[in-house]
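Below: one structure, written as structure tokens.
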Amino acid sequence: MVTACVTPRIPGPAHPPAPDRYARAALPDPAARASAADELTYDPAPAATQMLITLHMRDTDPAVRARAAVAIENRRDTSLDAVLAQSARRDPDPTVRAASAKSYERLHAWRKRPGTAAALSLLCPGCGHFYQGKSEGWAYLLSAGALVGTGIGLISGETVSLSGGSSSARAPIGLALVTTGQNLWFYSIFDAYRDARVARGDLGYRIPITRESLDYLVTAPFRPSALKSPWVWAGVPAMLATGIAVSYLVARGDSSTSPPTIFDVDTVNVLGGDFSPGAGYALGNTYYAGLFASVGVGEEALFRGLIQTELEERWGIPGIAVSSLIFGALHVGNFGGDAKVTAIAIPTLSALGATMGFAYRNTGYKLAVPVAMHFWYDLLLSAAAFAYDPQNQPFVVGYASPL
């Protein structure tokens, strides 16, 4: 699905090419030849291509050669980028060399397909950037690799289970590192896809690609511009009520007794230290905030920024439904293979994904609002689960992933 990205619809000419375009290309008036180059831009005939190359390489007037360079670029035929590269190096006029270099850079970008860039980053973080000749691929590769590798190293050999918990603080710290590395990987897939689209001027797409930076999205849950959106202040409570209700129904079916709540315990264990209920609750939720900061950005960039954008571009509103089902299905590993819980959780998560998908669509295809929704939903639901059962959390003695 990632590699089969939609083919952008390149805008055509405002009017059909003039019938005398070939004749005008041979007139002694440079203005007529430059105008002919413009008309030849959208002429699909091989003869038009050859005429443009002739005007670009051999015309005596530099202005005509520069105009033909832009016309060649606008044909979006990447096999012609070598012609522009040659002129950028060898044309005797500096204006033509500059115009050819600029047109070459823009045309050459069309060799780098957004779907291929995303697929390569799916194989390894940063590889989609390497494909586009971008050095920031190293930052993604090394950072995500270090986070995941270190996290796995910390978790390895630890006793971790839903009922038995962890034998030390290594496992919960490792979980946070692996989660951060995984979501940096997710973001790199989106970022490679976006870079390829931006390099093409985002031309031919109905749905624009957001330009929001990574640091902007990380801070989006705390930005007034996101918090004032009804999707956040009204949508998150509705999502939270759904998650709590479903989690409660599932938990009630699994146990006839209720665990001690945060109000029933004398101390709360966080990463091996015993704290008062108030302090422990604050520290535990700080752990959750760090854990979910990357989740909101990584998952929304991948599922809304890339997958929904592509599917909605292709199918319209049904694309939101399909991307939401994918979002729900890919969380199947969160529920420890429990078929009953999974059967309830996946449709619920798909519905929540659709809510964030419509928020993305209705806020101008910007990610800040769905990122804020995702973060606050995860954090508040986990805070509720923590208050209900403080002795079974990832940083204490056991962890059952909430919806």
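Just so it is clear, the values below take in all heavy atoms, side chains as well, and ignore hydrogens, waters and symmetry mates. Just so you know, these numbers come straight off a predicted model, no measurement behind them.
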Heavy-atom neighbours of E105 CD exceed 12 at 6.0 Å | no
Report the residue from N74, I72, L52 that forms a side chain to side chain contact (heavy atoms under 4.5 Å, CB included) with L40.
-> L52
R211 CZ: over 12 foreign heavy atoms closer than 6.0 Å = yes
Parallel, tilted or perpendicular for F395 and Y288, by the 30°/60° rule?
-> perpendicular
Qualifying disulfide (SG to SG under 2.5 Å) pairs with a residue from residues 273-313, counting only residues at least two apart or across chains | none
Intermediate values then yes/no, side chain to side chain contact (heavy atoms under 4.5 Å, CB included), Y193 and I307 | CA-CA 11 Å; Y193 165 82; I307 296 175; over 6 Å; no
Is any NZ, NE, NH1 or NH2 atom of the basic residue among R33 and D61 found under 4.0 Å from an Asp or Glu carboxylate oxygen of the other?
-> no
Compare every heavy atom of S294 with every heavy atom of T180, then report the nearest pair and how far apart it is.
-> CA-OG, 3.5 Å
F303 ring center near Y360 ring center (under 6.0 Å) = no
Considering only NZ, NE, NH1 and NH2 on the basic side and carboxylate oxygens on the acidic side, decide whether R65 and D93 come within less than 4.0 Å.
-> no
Table please: side-chain donor-acceptor pairs of residues 318-327 below 3.5 Å, with sequence neighbours left out.
unit_1, atom_1, unit_2, atom_2, d
S323, OG, G319, O, 3.1
S323, OG, I320, O, 2.9
S324, OG, I320, O, 2.7
S324, OG, A354, N, 3.1

Residues at least two apart in sequence or cross-chain that pass salt bridge (Lys or Arg N to Asp or Glu O under 4.0 Å) with R76, listed by chain then number, are E73
Looking at F292 versus Y377, is the centre-to-centre ring distance below 6.0 Å?
-> no
Begin from the C-alpha positions of V371 and R304 and carry the test side chain to side chain contact (heavy atoms under 4.5 Å, CB included) through to its verdict.
-> CA-CA 10 Å; V371 164; R304 252 56 71 183; over 6 Å; no
